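It should be emphasised that the depicted structure is a prediction, and the values quoted were computed from it without experimental measurement. Side chains included, hydrogens not; waters and symmetry mates left out as well; all remaining heavy atoms used.
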Amino acid sequence: MAISLTACSFSESKKDNQIDPEIRNQIHVLNSRIVSGLVEDRADKVLAVCSDRLRDKRRDIKKLTDVLKGNLKIQNFRIINEYYQKNAAKKHVGEVSTDGNPNRDYRIKYEALNKEMYVVVADFEDSLYHKSFTFIYGKYGNDWKLNNLQAGILKILNKDAFDWYQVAKSDYKKGDLIDALCHIGLSTQLLNPANQLWKYKNEDEIQNFEQKITKQIYGKYKFPMTVNNVETKPVIFRVYSQVMNTGCFPLIQYTTSVDLKDIPALSVECRELHKNIGSLFKGIDTNNSTILYRPYKTIPTGTETTKPYGFMMKTQQETGSAKN
């Protein structure tokens with residue numbers, strides 16, 4: 001009788017404080033170099049930590065540092081979770097996840113190029129956004145190298161995808177559909193802080209809710225919508241949330257027959273539109289301290305070079321200011 005023995009590799013997965021302190025310290029040194037490169041707009045510092053494969057994508061690294069230039073501070077860098085895995089990948093696909101808060105639990109699937117892998121989930125905090133970074137390292141001999149770097153937005157105004165989902169559900173229960181659409185839009189923007197690698201466990205639930213609201217809105221409102229109660233008959237074609245230093249406010253985009261260079265006439269039209277906005281969209285004038293308006297001659301295509309004027313109107317008074 002023949003007996004064959006198959007050797008199997010020991011699989012190991014550790015998270016946060018479970019990880020060997022020596023390994024964590026090695027990774028944290030590399031984290032510091034990457035963060036320094038991102039903050040200082042020094043792509044060369046990031047590339048020095050990269051594997052050969054990632055270094056071949058230096059243009060992508062440079063684009064990332066260009067986008068983030070001037071917006072990050074080293075003291076605002078924070079590690080959220082970190083994971084060490086050894087021989088844990090299946091068919092070269094590794095997976096890490098949280099399991100403590102069903103509303104915010106996530107999983108990250110990544111390409112595991114090495115037997116030993118290390119994943120760092122981190123962010124930079126500021127007043128408007130928490131910018132998320134996912135560093136995926138692999139061990140080459142005795143050295144750790146960066147195999148993948150992903151960036152996205154984790155929070156807007158200190159609210160993550162689940163927080164904005166809760167706000168949208170509250171709006172919906174009150175029948176305030178436009179506010180619900182604005183806020184669920186913020187939620188879905190935050191679903192993939194590491195692009196397609198990251199998936200929240202309740203992502204499908206949030207997306208289904210967005211589809212539900214969208215269907216109801218387009219069943220109730222016909223966009224583009226002509227506002228007949230205003231003499232110039234502006235046509236609203238889009239409403240969405242605009243994030244500003246002072247908060248998050250609905251932005252009404254509309255086309256107008258008024259000359260865009262005639263700011264006083266545009267202001268008169270906007271005031272009249274503002275007077276009627278609460279009757280058009282239930283709750284928009286009572287849920288928000290400010291509503292933003294932006295007139296266009298035609299629906300924009302994204303190729304325009306001239307920046308349009310915008311009006312900021314308080315909901316408790318009939319005064320506003322034009323901004324460009």
Side-chain angles (χ1 to χ4, degrees), residues 13-16 19-89 91-96 106-126 128-155 189-190 192-199:
S13 293
K14 299 286 182 68
K15 178 185 174 186
D16 298 333
I19 302 171
D20 184 330
E22 183 177 350
I23 297 176
R24 289 183 80 188
N25 290 338
Q26 291 172 358
I27 295 297
H28 289 179
V29 169
L30 300 180
N31 287 344
S32 297
R33 294 175 185 174
I34 295 171
V35 170
S36 176
L38 293 173
V39 171
E40 298 172 13
D41 187 27
R42 290 278 305 276
D44 58 303
K45 285 191 173 184
V46 179
L47 290 169
V49 182
C50 294
S51 65
D52 291 341
R53 181 173 176 175
L54 186 57
R55 197 176 294 119
D56 289 338
K57 300 178 181 179
R58 63 182 65 222
R59 290 184 180 179
D60 294 337
I61 300 293
K62 187 63 172 67
K63 286 180 182 178
L64 181 64
T65 57
D66 286 344
V67 170
L68 299 171
K69 184 177 181 180
N71 294 329
L72 306 177
K73 296 180 180 179
I74 290 178
Q75 62 266 32
N76 292 336
F77 178 76
R78 173 181 66 113
I79 293 177
I80 301 171
N81 294 119
E82 49 192 328
Y83 307 85
Y84 168 77
Q85 295 189 322
K86 183 176 182 179
N87 295 318
K91 296 182 179 179
H92 301 291
V93 176
E95 180 176 331
V96 297
Y106 65 84
R107 75 166 185 261
I108 294 175
K109 285 189 174 183
Y110 64 92
E111 185 179 13
L113 301 175
N114 311 77
K115 288 185 178 181
E116 290 185 74
M117 300 293 299
Y118 202 108
V119 178
V120 176
V121 178
D123 72 351
F124 284 90
E125 300 181 33
D126 65 28
L128 291 182
Y129 302 101
H130 286 208
K131 299 177 180 68
S132 171
F133 289 85
T134 302
F135 305 151
I136 300 176
Y137 297 94
K139 194 169 187 181
Y140 296 82
N142 295 322
D143 299 322
W144 289 96
K145 296 288 185 181
L146 186 67
N147 283 339
N148 198 342
L149 169 60
Q150 298 291 326
I153 303 298
L154 183 67
K155 295 183 180 181
Q189 284 182 41
L190 300 173
N192 303 116
N195 298 312
Q196 298 309 309
L197 301 184
W198 179 303
K199 184 177 177 64

Approximate separation, where rounding is to 0.5 Å, of H92 NE2 and N114 CG
10.5 Å
Does any non-hydrogen side-chain atom of L197 lie less than 4.5 Å from one of N148?
yes
Taking all non-hydrogen atoms of both residues, which atom of S13 and which atom of Q85 are closest, and how far apart?
OG-NE2, 3.5 Å
Does any part of the side chain of Y118, heavy atoms only, come nearer than 4.5 Å to the side chain of R24, both counted from C-beta?
yes
Would you say the side chain of M117 lies within less than 4.5 Å of the side chain of Y110, judging by non-hydrogen atoms?
yes
Does R78 have any side-chain hydrogen bond (donor to acceptor under 3.5 Å, both in side chains) partners at least two apart in sequence or in another chain, and if so, which?
D123, E125
Shortest non-hydrogen contact from C50 to V46?
SG-O, 3.2 Å
Looking only at non-hydrogen atoms, find the nearest pair between G94 and A112 and report the distance.
N-CB, 4.0 Å
Can you name the nearest heavy-atom pair linking S132 to L154, along with the distance?
CB-CB, 3.9 Å
Any idea how F77 and F135 line up, ring-wise: parallel (<30°), tilted (30 to 60°), or perpendicular (>60°)?
parallel
Extract all donor-acceptor atom pairs below 3.5 Å that involve side chains of residues 27-38 and protein atoms in other chains or at least two apart in sequence.
| from | atom 1 | to | atom 2 | distance (Å) |
| --- | --- | --- | --- | --- |
| H28 | NE2 | E82 | OE1 | 3.0 |
| H28 | NE2 | E82 | OE2 | 3.3 |
| N31 | OD1 | Y137 | OH | 2.6 |
| S32 | OG | H28 | O | 3.0 |
| S36 | OG | E40 | OE2 | 2.9 |
| S36 | OG | K45 | NZ | 3.1 |

If the condition is side-chain hydrogen bond (donor to acceptor under 3.5 Å, both in side chains), which residues does Q26 pass it with, not counting sequence neighbours?
W144
Approximate separation, where rounding is to 0.5 Å, of E116 CD and K86 NZ:
5.0 Å
Measure from the side-chain N and O atoms of D16 to the backbone N and O of N81, and report whether any donor-acceptor pair falls under 3.5 Å.
no
Partners passing side-chain hydrogen bond (donor to acceptor under 3.5 Å, both in side chains) against D44 (at least two apart in sequence or in another chain):
R42
Start with the C-alpha distance between I108 and Y83, add both sets of side-chain angles, then the distance that settles side-chain contact (heavy atoms from CB on, under 4.5 Å), and finish with yes or no.
CA-CA 11 Å; I108 294 175; Y83 307 85; 5.8 Å; no
Qualifying salt bridge (Lys or Arg N to Asp or Glu O under 4.0 Å) pairs, either residue in residues 46-56, two or more places apart
D52-R55, R53-E111
So, taking the atom named NZ in K199 and the one named OH in Y106, what distance separates them when rounded to the nearest 0.5 Å?
15.5 Å
State, to 0.1 Å, how close N192 and W198 come at their nearest heavy-atom pair, and which atoms those are.
ND2-O, 3.0 Å
Taking CD in Q75 as the centre, count heavy atoms belonging to other residues, nucleotides or ligands within less than 6.0 Å. Is the count above 12?
yes
Got a sec, which residues hit side-chain hydrogen bond (donor to acceptor under 3.5 Å, both in side chains) with R107, two or more places apart in sequence or on another chain?
none
Is N147 reaching over with its side chain to a backbone N or O of I136, donor-acceptor style, under 3.5 angstrom?
no
